[in-house]
Amino acid sequence: MTDQTNAVVHTPRVFSGIQPSGHLTLGNYLGAIRRFVEMQESGIETIYCMVDLHAITVWQDPDALCHATRELAAGFIASGLDPKKSILFNQSQVSAHAQLGWVFNCVARMGWLNRMTQFKDKAGKNREAASVGLFAYPNLMAADILVYHATHVPVGEDQKQHLELTRDIAEKFNHDYKVDWFPITEPVIEGAATRVMSLRDGTKKMSKSDPSDMSRINLTDDADTIAKKIRKAKTDPEPLPDSIDGLEGRPEARNLVNIYAGLSGRKPEDVIDEFAGAQFGQFKPKLADLAVSVLSPINAEMNRLMADVAEIDRILGDGADRAAAIANPILERTFDIIGMVRSRQL
Ligand code: TYM
């Protein structure tokens, strides 16, 4: 379809992915999965992927990777993603991702990837020892999105730079081949908890890979563990302020208020109005009750789903078939644009 200026008009389509590396955290849930569910209910086509090819950019034990992929699928479904309404699958079952990823390795420039802060953080001081995949990772991420011509990508704040790169890749491809082919994707970074911080250090992101399990809440944690982690969360000695500005310079307090807001679907301002002047001794038990009330049913449902992995695998296989039916024609047309001889179907 084209508009009056002859530019391709892309139908709205949502894509996002999560790495099956370790357990899902509260950060993944509030920053990403809750948005995934909202978008599923908005009537737009939604495609959500367990990005196993991304996970192996750092070492993964094979059995643990397999388990984490199924557990992630169970977490998606238990959180409200419906495999009939959304397409749910694991990345390695749709080969078009890796194929377009290679094309984008040839579009993106070294200088662009050298600027990626996530690579710098993950590679640490010993960059020589990092895998090539870890460096090229954002190109594969761009391929994940653009192989579906996705227009909207719900993510947490930490993925913003990768989505800017995705736009740069789409623009360069369109420019180099003089086509209007790939859409310029919109990041969707919304809600009170787009950056959930560690419970041990309010200046660090809550992450699956933090060595301290006390720094995060996992979707697999039971009610007692969740309550204990919140009780022990780092705070400062002041009571909660009476306005949002009073959270300035108090990263741990801000984080707990944002988590409360994210879990209750309210604005941080409303949470502050309710708890102005409260000590953490009063606020933390309320937060723990709220977290348990939201997360425990998800945890129970995940356990139920994990009892039947054959059914999870069936759902992922069906999702992969539906995903490939969208991705393969887009990849074929991309190969035509580039000038690849094609004498058989993908
Ligand atoms: P990953 O697996 O690290 O995280 C998955 C999603 O969870 C969000 N997130 C957070 N949000 C708020 N606070 C936090 N502490 C927090 N931690 C994680 C992330 O922003 C993300 O939305 N590169 C991606 C996976 C990916 C992808 C894609 C995403 C691969 N291809 C295509 C979107 C589109 C990643 O490593 O996310």
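Residue numbers count from 1 along this sequence. Ligands are counted one by one from 1 in listed order, and the atoms in each one are counted from 1 as well.
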| query | Can you check side chain to side chain donor-acceptor pair (under 3.5 Å) on T203 and D201, steps first, answer last? | reply | CA-CA 5 Å; T203 63; D201 176 352; 2.6 Å; yes
* Ignoring hydrogens and angles, tell me if any N or O in the side chain of R216 forms a donor-acceptor pair with the backbone of S207 under 3.5 Å. => yes
A student checking ligand 1 against K208 at a 4.0 Å heavy-atom cut-off should list atoms 2 (O)
Quiz item: Do S198 side-chain atoms and R200 backbone N/O form a donor-acceptor pair below 3.5 Å?
Solution: yes
For H149 and F15, I'd like to know if the aromatic rings sit close, meaning centre-to-centre distance below 6.0 Å. no
Legend entry - Min N/O separation F15 to ligand 1 under 3.5 Å: no
- prompt: Can you find a side-chain donor-acceptor pair between Q91 and D144 that sits under 3.5 Å?
  reply: yes
Considering only NZ, NE, NH1 and NH2 on the basic side and carboxylate oxygens on the acidic side, decide whether R70 and D313 come within less than 4.0 Å.
yes
of all protein heavy atoms, closest to atom 29 (C) of ligand 1 is G17 O, 3.4 Å
- Task: Could you label the plane-to-plane angle of the F283 and F280 rings as parallel, tilted or perpendicular, counting under 30° as parallel and over 60° as perpendicular?
- Result: perpendicular
Counting from 1 in the order shown, the ligand 1 atoms closer than 4.0 Å to a non-hydrogen atom of Y137 are 23 (N), 24 (C), 25 (C), 35 (C), 36 (O)
If we number the atoms of ligand 1 from 1 as shown, the ones under 4.0 Å from a heavy atom of R195 are 12 (C), 13 (N)
Is atom NZ of K120 surrounded by more than 12 heavy atoms (other residues, nucleotides or ligands) closer than 6.0 Å?
yes
Note: T194, heavy atoms under 4.0 Å from ligand 1, region reported as backbone
In ligand 1, the atoms that come under 4.0 Å of a heavy atom of A32 are 6 (C), 7 (O), 22 (O)
Taking only non-hydrogen atoms of Q19 and a 4.0 Å limit, the atoms of ligand 1 in range are 2 (O), 35 (C), 36 (O)
Next on the checklist: Let's go through T225 and D222 carefully: what are the C-alpha distance in whole Å and the side-chain angles of both, what is the deciding distance for side chain to side chain donor-acceptor pair (under 3.5 Å) to 0.1 Å, and is it a yes or a no?
Outcome noted: CA-CA 5 Å; T225 310; D222 61 24; 2.6 Å; yes
query = Within less than 4.0 angstrom of ligand 1, does Q91 place any heavy atom?
reply = no
Worksheet entry | Check: D144 N/O within less than 3.5 Å of ligand 1 N/O | yes
*Could you tell me whether a side-chain N or O of K172 sits under 3.5 Å from a main-chain N or O of R109, the two making a donor and an acceptor?*
no
Atom 17 (N) of ligand 1: closest protein heavy atom, distance to 0.1 Å, is M206 O, 3.8 Å
**Request:** Using atom types as modelled and distance alone, determine if a side-chain donor or acceptor of N303 lies under 3.5 Å from a backbone N or O of A300.
**Result:** no
Atoms of ligand 1 under 4.0 Å from any heavy atom of D158, numbered from 1 in the order shown, are 19 (C), 20 (O)
Closest to atom 28 (C) of ligand 1 among protein heavy atoms sits M141 CG, 3.5 Å
Min over I33, L140, V153 of heavy-atom distance to atom 34 (C) of ligand 1 lands on V153
Contact region, V155 to ligand 1, non-hydrogen atoms below 4.0 Å, reads both
- Task: Look only at interatomic distance and state if K205 has a nitrogen or oxygen under 3.5 Å from any nitrogen or oxygen of ligand 1.
- Result: no
Atom 30 (C) of ligand 1: of M50, H97, K160, H54, the nearest heavy atom sits on H54
Here the atoms of ligand 1 under 4.0 Å from any heavy atom belonging to I145 are 32 (C), 34 (C)
*Any N/O pair Q159/ligand 1 closer than 3.5 Å*: yes
Does a side-chain N-to-carboxylate-O contact under 4.0 Å join K229 and D221? yes
Ranked by distance from atom 13 (N) of ligand 1, the top protein heavy atom is V196 N, 2.8 Å
Polar proximity ligand 1 side, Q118 side, N/O cut 3.5 Å exclusive
no
In ligand 1, the atoms that come under 4.0 Å of a heavy atom of G31 are 11 (N), 12 (C)
message: P154 versus ligand 1: do any nitrogen or oxygen atoms come within less than 3.5 Å of each other?
response: no
Checklist line | SB check R304 E301 (cutoff 4.0 Å) | finding: yes
- Looking at R322 and D318, does any basic side-chain N land under 4.0 Å from a carboxylate oxygen? yes
Review point. Do T117 and Q161 meet the criterion of a side-chain donor-acceptor pair at a distance under 3.5 Å?
Key: yes
In this structure, atom 11 (N) of ligand 1 is nearest to the protein heavy atom G27 O, 3.2 Å
heavy-atom search around atom 7 (O) of ligand 1 in the protein gives N28 ND2, 3.1 Å
